[in-house]
Amino acid sequence: MESRRSTIVSLFLLLAVALAMFADVLFAGGTRVVGHPGSDMFLQYFAWREFGFRELAKGNLALWNPYIFSGAPYFGGLQGALLYPPNWLFLFLPTPVAINWAEALHVFAIGTFMFFWMKQRGLCAAAGFFAGTLVMFCGAFFPHIFAGHLPQLSAMTWSPLIFCSIDAVFSRQRVSWSLVGMLAVAMQILAGFPQYVFYTGIIAGLYAALQLITRWNWRLASALLSIYAGGALLAAVQLLPAIQTTRETTRGFRLPFRFASMLSLPPENFVTLLAPDFFGQMAKYWGRWYLWETSLFIGVAGLAFAIYAALWCQRATKWRPLAVIFVCFLLALGAYTPFFGFLYAWVPGFDRFRGISKFGFLASLFLCLLVATGLDRLFRQRRIETSFIGAVFAGAAALGIAGWWSASAPSWARLMNASRASGQSYLFPQLYANAEFVAQSQHRAAMSLFVAAGVCALLGIILAFARREPRALFGLIALGATEMFVFAHGARPTFDSATIVNPDEKRFLEEHPGDYRIMNLANPNSAMLVGAQDMWGYEATVVRRYAEFMTWSQGGDPNEAMSYVKFARYDPLFAMLRLRYIFGQHGTELEIGDAPEAPMSHLHLVSSYRALPDRNAIFNALRSATFDPSREVILESEPEPKPSPAESAGTARIVVASTDALEIEADVEQPSILLITDAFTRSWRAVALAGSAQANYQLLPANYILRAVPLMAGHHHMRVEYARDAFAMGKWISILVGLAFLAALAWCWKNRFD
């Protein structure tokens, strides 16, 4: 009863602090959203959620997104996370409200999972609560709210539960606990950010292996392996379309080493363990890369107890967490060690992601485990080592001296310029030359160290008092929780989501209806909110062929194509993508320009073609002075039937259009090629409908990036659709495995799973 009461109180307190963090936006309604107005929330995820769940509410699970990149995979890109149960809030609540509640609930959930992991390890409720609070507001997790990283936050949330299930398999000696791990892995996959699935899987494997070293058992090893195998099968409905999408997009190709090595953890950022603002706050961070990717802050009190556990706790309880922390930090350092080059070259997966500093989040989880372990020891023994108290006061003095040095250091500008000179800072370069900004940055760094010194001194005072009154240890929890809450609240801005769409742009598009594309260089994803079609977008799931073409059009190497293209010039070939208007921003004013070339229509009947063997030959032909995309199409194989060389005569029209399909009718007098000016992937196909002259249709790549369907003379009625085979197969696997999972869960419950 005492344990149950303490658990309920702890969970209630975790919920209370989570609600307190978000109270102003959870219950106010309106259009305000948590996140920075220059963040991915503004540029990507708000529109991503609005589009996907708007379609799902209409009964359409969108596999394809027609609004950006001239069309791109959506569901298989994972980040839409349509099947992730917590996201079903978006079906019932306005998008701004759903976003705020989703973030708050995930902050609470990660604290809860951390608490249960600590409880599974036999730690007291107070220590578990403190670990939960630290993880909720730590520098490796909470600042992603500032950055607007919805799927990242969702995926991170399930990591503690995976580690909890691993510990439970060993401590309870019951393989049934692997079911909890399977569910956590499946939820992490469905959450929509595969990089955290990959990194968590690596560390989970390491942690399980360290357990098996001293307690080898085939039964337990099988149970541990089933956690990821079962989780993947449960989430097959999402995984199989993701595999299909990966083959079609830039995600399926090796990243250039320079790009993959970006966002490694700079060694100097270990100072953020104690002084989170040493390199500036989130919006004015002058250190290397992004602060939300490279902050390690777990609080001064948290770090003190982690060090205490490392020095004073029993070896059996600390060596595995310490080993995991070491490996996590070694991996997080990325390109700052020679180890990353080996991983990139030889270990599958490390050449597919950038941001290896994300291993810092997993290191933070195990640091918080050490914190809870150390605090639990103090609560149980009710005796505090004098040497520890002395070390805390010595730390306070050292931090104070460091703060004094930072405040008076004459070489501060040189230190900041070293960050700028590295080429790894995203702050405006002119700020480094601004004397006022340099002085403010120096002052903030000093104040961050002084605050750390003050917290350390208060910690020492409470510890000294707790030698006589053990209940004062609860004051340590209050101090640490307050420290983390204040830090997190400073990284929690809001913006008005109504400003994502420029009202002048929306008004202009309403006044100029038509089937054409635009290019909004400032915020292309806003097209998803107004029902426009943009030639580009802001997301990594861009069709590989299309990215190659766009990179080439701007003078880049198509072999290095990614989702990042700097548009510096207009290419006449953009006309075949139906580009009509270009939107730019000059200060607060919207600038609208007509495309220099008249846009082509959605459907074209073409009689002339060339078949060329490879990409470079096609690109050369597209650039030739004789090529006219409205009269000729370049294919990669011979069409069947072949078009007549005479001028094509006929008509074609779209009968019905949805996200994943076009229903088309065409009447042609001689064999022709139907050119569809949307992005091509191998997953698109043409299916004959009733009354069509052909029983079967080919769908071929045209001009490398568009779609072509060869037609014989006669009447045609077809549906051009994005194939759902991978989704259908994954759906049935998930259903069958889900039923088996529920049956196993029921059996375990009946046989006293707890």
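For Arg254 and Tyr344, the positive end sits near the middle of the six-membered ring, less than 6.0 Å away and at most 45° from its axis.
Panel note: side chain Tyr308, backbone Phe388; no donor-acceptor pair is recorded below 3.5 Å. Side chain of His106 to backbone of Ala102: a donor-acceptor contact under 3.5 angstrom is found. Under a 3.5 Å cut-off, the side chain of Tyr432 and the backbone N or O of Trp286 do form a donor-acceptor pair. Ser154 places no side-chain N or O within 3.5 Å of a backbone atom of Ala191 that could act as its donor or acceptor partner. Of the possible polar contacts, none joining the Ser425 side chain to the Arg420 backbone as a donor-acceptor pair under 3.5 Å is found. Of the possible polar contacts, one joining the Asn100 side chain to the Val34 backbone as a donor-acceptor pair under 3.5 Å is found. Checking side-chain atoms of Asp376 against main-chain N and O of Leu123 turns up no donor-acceptor pair under 3.5 Å. Between the side chain of Ser165 and the backbone N or O of Ile162, at least one donor-acceptor pair lies under 3.5 Å. Between the side chain of Glu483 and the main chain of Val300, a donor-acceptor pair closer than 3.5 Å is present. Side chain of Thr250 to main chain of Ala540: a donor-acceptor pair is present (N/O by atom type, distance under 3.5 Å, no hydrogens or angles).
Taking CZ of Arg444 as the reference point, atom CG of Leu449 lies at 12.5 Å (rounded to 0.5 Å). Rounding to the nearest 0.5 Å places SG of Cys368 at 12.0 Å from CE of Met136. Between the CD1 atom in Ile500 and the CD atom in Gln44 there is a gap of 11.5 Å [rounded to 0.5 Å]. Between Ile298 atom CD1 and Thr133 atom OG1 the span is 13.0 Å, to the nearest 0.5 Å. For the atom pair CG of Leu370 and SG of Cys313, the computed distance is 8.0 Å after rounding to the nearest 0.5 Å. Atom CZ of residue Phe130 and atom CZ of residue Phe115 lie 14.5 Å apart, to the nearest 0.5 angstrom.
Contact annotation: the side chain of Phe329 approaches that of Leu296 to within less than 4.5 Å [non-hydrogen atoms, C-beta and beyond]. In this structure, the side chains of Phe366 and Val327 stay at 4.5 Å or more apart for every pair of heavy atoms. Residues Ile99 and Tyr45 form no side-chain contact, since every pair of their non-hydrogen atoms from C-beta on lies 4.5 Å or further apart. Phe339 is not listed as a side-chain neighbour of Leu333, based on a closest heavy-atom distance of 4.5 Å or more. The shortest distance between side-chain heavy atoms of Ile477 and Leu375 falls below 4.5 Å. With a 4.5 Å cut-off on side-chain heavy atoms, Leu365 and Ile203 do not count as touching.
When all heavy atoms are compared, the tightest approach of Ala131 to Met118 is CB-CG, 3.9 Å. Of all the heavy atoms in Ala547 and Met562, the pair that sits closest is CB-O, 3.6 Å. In this structure, Gly287 and Ser419 approach most closely via the heavy-atom pair C-OG, 3.4 Å. Nearest heavy atoms, Ala109 versus Thr157: CB-CG2, 3.7 Å. The two residues Gly132 and Leu14 come nearest to each other via the heavy atoms C-CD2, 4.1 Å. Looking at every heavy atom in both residues, Arg320 comes nearest to Leu210 through NE-O, 3.1 Å.
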key: side chain to side chain contact (heavy atoms under 4.5 Å, CB included) between Leu273 and Leu367, worked out   = CA-CA 11 Å; Leu273 281 165; Leu367 278 172; 4.1 Å; yes
Side chain to side chain contact (heavy atoms under 4.5 Å, CB included) between Ile145 and Phe22, intermediate numbers included = CA-CA 11 Å; Ile145 287 177; Phe22 296 94; 3.6 Å; yes
ask   = Can Val451 and Asp277 be said to form a side chain to side chain contact (heavy atoms under 4.5 Å, CB included), step by step?
value = CA-CA 10 Å; Val451 168; Asp277 297 339; over 6 Å; no
CA sep, side-chain torsions, deciding dist, call: Asp24, Arg492, salt bridge (Lys or Arg N to Asp or Glu O under 4.0 Å) = CA-CA 11 Å; Asp24 59 322; Arg492 205 229 63 173; 2.7 Å; yes
task = Start with the C-alpha distance between Arg354 and Glu293, add both sets of side-chain angles, then the distance that settles salt bridge (Lys or Arg N to Asp or Glu O under 4.0 Å), and finish with yes or no.
result = CA-CA 11 Å; Arg354 71 165 184 166; Glu293 297 284 1; over 6 Å; no
message = Working note: Leu265 + Phe359, criterion side chain to side chain contact (heavy atoms under 4.5 Å, CB included); need CA distance, chi angles, decisive distance, verdict.
response = CA-CA 9 Å; Leu265 176 65; Phe359 275 106; over 6 Å; no
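Residues satisfying the side chain to side chain contact (heavy atoms under 4.5 Å, CB included) criterion with Ala466, sequence neighbours excluded, are Ile384, Ala472, Leu473. Residues satisfying the side chain to side chain donor-acceptor pair (under 3.5 Å) criterion with Tyr336, sequence neighbours excluded, are Trp289, Gln424. Scanning for side chain to side chain donor-acceptor pair (under 3.5 Å) contacts around Glu103 gives an empty result, with sequence neighbours left out.
For His489, the NE2 atom is densely surrounded, since the number of other residues' heavy atoms within 6.0 Å is greater than 12. In Gln430, the CD atom is crowded: over 12 heavy atoms of neighbouring residues, nucleotides or ligands sit closer than 6.0 Å. Within 6.0 Å of CZ in Phe428 there are 12 or fewer heavy atoms belonging to other residues, nucleotides or ligands. Within a 6.0 Å radius of CZ in Phe257, more than 12 heavy atoms belonging to other residues, nucleotides or ligands are found. Around the CH2 atom of Trp404, the shell of radius 6.0 Å holds no more than 12 heavy atoms that belong to other residues, nucleotides or ligands.
Outside the 6.0 Å centre-distance limit, the rings of Phe142 and Phe487 are not counted as a close aromatic pair. A centroid separation of less than 6.0 Å is found between the aromatic rings of Phe350 and Phe198. Here the two rings, on Trp101 and Phe108, have centers that are 6.0 Å apart or farther. Ring-centre distance between Tyr290 and Tyr426: below the 6.0 Å cut-off.
Using modelled atom types and a 3.5 Å distance limit, the side chains of Ser159 and Thr200 yield a donor-acceptor pair. Looking at Trp48 and Asn525, their side chains never bring a donor and an acceptor atom within 3.5 Å of each other. Between Ser563 and Glu539, the side chains place no donor N or O within less than 3.5 Å of an acceptor N or O (distance only, hydrogens not considered). Side chains of Arg288 and Ser422: no donor on one and acceptor on the other come within 3.5 Å. Side-chain contact annotation: Tyr538 with Asp40, donor-acceptor N/O pair under 3.5 Å present.
The aromatic rings of Tyr84 and Trp158 stand perpendicular to each other, their planes meeting at an angle above 60°, with 30° marking the opposite boundary. Between Tyr199 and Phe353, the ring planes are perpendicular. Angles over 60° get that label, and only those under 30° would be called parallel.
Phe278 pairs with exactly one of Tyr285, Trp412, Phe450, Phe270 by the ring-ring contact (aromatic ring centres under 6.0 Å, His included) rule, that one being Trp412.
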